[in-house]
Undergrad: 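To start, I am sharing the structure in question, which I have written as structure tokens.
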Amino acid sequence: VIGFFVFSCICSEVRGRCWSVDPLLSSSYLLQDSRGRPKEIPHNEKLLSLKYESLDYDNIENQLPAEGAPCLRWVVCGLIGFLTGLVACCIDIVVEEMAGLKYKVIKENIVKSTEAGGLSISLILWAVLNCAFVMVGAIMVACFEPIAGGSGIPQIKCYLNGVKIPRVVRLKTLVVKVLGVMCSVVGGLAVGKEGPMIHSGAVIAAGVSQGRSTSLKRDFKMFEYFRRDTEKRDFVSAGAAAGVSAAFGAPVGGVLFSLEEGASFWNQMLTWRIFFASMISTFTLNFFLSIYHHKPGDLSNPGLINFGRFESGFLGALFNVLNYWLTIFRIRYVHRPFLQVIEAMLVAAVTVAVSFTMIYFSTDCQPLGPEHSEEYPLQLFCADGEYNSMAKIFFNTPERSVRSLFHSQPGTYNPLTLGLFTLTYFLLACWTYGLSVSAGVFIPSLLIGAAWGRLSFCPLNERGIVLLSVGGIVRMTLSLTVIMVEATGNVTYGLPIMLVLMTAKIVGDYFQEGLYDIHIKLQSVPFLHWEAPGTSHWLTAREVMSSPVTCLNRIEKVGTIVDILSDTSTNHNGFPVVPAKLCGLILRSQLIVLLKHKVFVELARSRLNQRKLQLKDFRDAYPRFPPIQSIHVSQDERECMMDLTEFMNPTPYTVPLDTSLPRVFKLFRALGLRHLVVADDENRVVGLVTRKDLARYHLGKHGLEELHLAQT
């Protein structure tokens, strides 16, 4: 870490550009070098970012004729499952082929170098190949689509919670995610492809359900009824579950993962549709892999379950704490694409150097199996007919290493090999997560747990696994239990796995939050948890709400509407409609469509045959509604009037001034609201509660604390 700090300080003097600094951020927040470029971005956890908008998960009700919901949800879910399975199959095949070719070339060079001397050439070859793959993946993420970095699970979790994360479900994000995870895994980083599969499934679901691509500017005139936030959210939940199912062959686990880690809103029919998508995804993956003659990852018969529950929580919390401080360091100093690519290549080179050193000095030699079942056996300095046991887990992809630890016979690894591997891979995985590459943490943490389990069972000469992995790091419980039961094919492991995970979660939560929650907090996202802060009952809507509120009349002047929408200092998205008392609520997106189609009272009177606006007109503009600056309104049109009666929601959710914060929080989150009107005893609007008004209150070290809002 010290070496990397010095290296980053040197690189910070190299010319580069900074994409992550918000242009609205004042100069007082930045430490600049002599050329005026940001050198350090101080991170403040007491800030809540205003750059994140909310999604509208509350269905709009107005006087426009409602359209019947077509019975196409099952068809869409089937398409989501099929395409997600197909993408997962492509990732599996490409990774297997490219990694196999890479390890074959390196192995041939090592064999020649061992006989003739000069193993340093093999080390350089291994490092160059890995750095080349990682460089390509890091360039795609850092320079073309930064949101495609990491596993993508925190971003999808925020999206399903109701936060609009920019570009998270775009086609470009999907392409970079898929290609990036291929480069990351083939590049030998301590990563897995399971998290990116979940993100990929969510992006596929968001695109398929809309029947068009805004990136390609192609509208296939399909599934137009689903063009709204509520429907899109449900399909994204199905896509995330299909990604889990494709990654582990666990359709039930995929449904529970979407429920436990992702979805904030749920219903019974959604459960069956998500399960259908997961089943289709698993079937598609297995079908195409069987044609390819490649057997998907098999974790069956892992041996005994080690009840190392407490160390699971401790080690998981340690992993999260180390990664937390490393992420803060990256936010402050490694904020340019050039530095992000250099860091990724540095981690790849260090990973190769550590792996090569461990293999070179290892004296753990094991006899070759009767059918040479080892993937890429390296003999090095072992006797004929033997292979280097350390190379079996370091000189391989992480997924194959997990299978090796699960399936190898007792006594395959000595305690020193397992101990050194567990320690070094733990540190490498902690350093790797958060790089500007597409990568997941599930398989690396499972690999660490498998190695620790074998080490614990060495005195018994048995195999075993410890689920410090996801249980201690991301705090999954029910869904991970089912995923492991489905993956191992043995239901008898259900109870011990659940006990391990529950204890790991309790112990880990005592020290630190889960890894995904940490990264959500570090990005200052207004995320709403299941419950309001425990000591917030004394706060009421009066203290929480935003006021004064910009209101509109039922029949409003067009010029007034244009001026309100053009005001960049407020940028409101919801406007109560009040002649005197509250009579409705209308959204910015609705007003934009009304101005675009020039739905004015005077024009409606002069054009008797003018087509009336329908719900389809609003859905065609979704989700990228045009900005107000792109709509031309002449001076004469500014004097016209607009009747909002037909388009506003006449029954918005309201609360009295004295409603407690926990009650406001529960109503807001359970219904997926974007705006909650606060009215007095005479039904006059006195305030408006939004997501940021609720998210800024949280429990800190000194009790209930309030975050500050900032354009960061």
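The structure displayed is predicted, hence computed values, not measured ones.
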Undergrad: Between Ser237 and Ser258 (side chain of the first, backbone of the second, donor and acceptor by atom type, cut-off under 3.5 Å), is there such a pair?
TA: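 No, the answer is negative, given that no donor and acceptor are paired below the 3.5 Å cut-off.
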Undergrad: Got a second to check how far Thr422's OG1 is from Leu427's CG, nearest 0.5 Å?
TA: 11.0 Å
Undergrad: Is there side-chain contact between Val437 and Cys183, with at least one heavy-atom pair below 4.5 Å?
TA: no
Undergrad: Does the side chain of Glu343 reach to within under 4.5 Å of the side chain of Trp431, using non-hydrogen atoms?
TA: yes
Undergrad: May I ask you to decide if Leu119's main-chain N or O and Ser113's side chain share a donor-acceptor pair within less than 3.5 Å?
TA: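 Such a contact is absent between Ser113 side chain and Leu119 backbone.
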Undergrad: What distance do Phe133 atom CZ and Ser184 atom OG have between them, rounded to the nearest 0.5 Å?
TA: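 Reported to 0.5 Å precision, the distance equals 11.5 Å.
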Undergrad: Is a side-chain donor or acceptor of Thr351 paired with a backbone partner of Val347 at a separation under 3.5 angstrom?
TA: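 Yes; judged by distance alone, with no hydrogens or angles, the pair exists.
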Undergrad: Whether the side chain of Lys177 engages the backbone of Gly150 through a donor-acceptor N/O pair (distance < 3.5 Å, no angle test) should be reported.
TA: yes
Undergrad: Ignoring hydrogens and angles, tell me if any N or O in the side chain of Glu486 forms a donor-acceptor pair with the backbone of Gly253 under 3.5 Å.
TA: yes
Undergrad: Looking only at heavy atoms, which two atoms of Leu435 and Arg330 are closest? And how far apart?
TA: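 Scanning both residues, the minimum pair turns out to be CD2-NH2, 3.3 Å.
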Undergrad: Among Tyr516, Phe248, Phe257, which one satisfies ring-ring contact (aromatic ring centres under 6.0 Å, His included) with Phe442?
TA: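 Among the candidates, only Phe248 passes.
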Undergrad: Tell me, yes or no, whether the heavy-atom count around Lys104 atom NZ, taken from other residues, nucleotides or ligands under 6.0 Å, exceeds 12.
TA: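 Check fails, neighbour count at 12 or below.
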Undergrad: Please check if the side chain of Ser281 supplies one atom and the backbone of Ala242 the other of a donor-acceptor pair under 3.5 Å.
TA: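 Here the side-chain-to-backbone pair exists.
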Undergrad: Spell out, as yes or no, whether a donor-acceptor pair under 3.5 Å connects the side chain of Thr84 to the backbone of Gly81.
TA: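 Flag not set: sc Thr84 to bb Gly81 has no pair under 3.5 Å.
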Undergrad: Could you check whether any side-chain N or O of Asn388 sits under 3.5 Å from a backbone N or O of Cys382, counting only pairs where one atom can act as donor and the other as acceptor?
TA: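 Pair absent, no side-chain N/O of Asn388 close to backbone of Cys382.
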Undergrad: Could you check whether any side-chain N or O of Asp364 sits under 3.5 Å from a backbone N or O of Asn414, counting only pairs where one atom can act as donor and the other as acceptor?
TA: yes
Undergrad: Donor-acceptor pair, Asn323 side chain versus Tyr433 backbone, under 3.5 Å?
TA: yes
Undergrad: Start with the C-alpha distance between Tyr103 and Thr397, add both sets of side-chain angles, then the distance that settles side chain to side chain contact (heavy atoms under 4.5 Å, CB included), and finish with yes or no.
TA: CA-CA 10 Å; Tyr103 286 122; Thr397 61; 4.2 Å; yes
Undergrad: Give, for atom NZ of Lys392 and atom CG of Asn396, the distance between the pair rounded to the nearest 0.5 Å.
TA: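 The distance works out to 9.0 Å.
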Undergrad: Would you say the ring centroid of Phe421 lies under 6.0 angstrom from that of Tyr413?
TA: no
Undergrad: Name the orientation class of the two ring planes belonging to Tyr425 and Phe394 (parallel below 30°, tilted from 30 to 60°, perpendicular beyond 60°).
TA: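 If you compare the ring of Tyr425 with that of Phe394, the planes turn out tilted.
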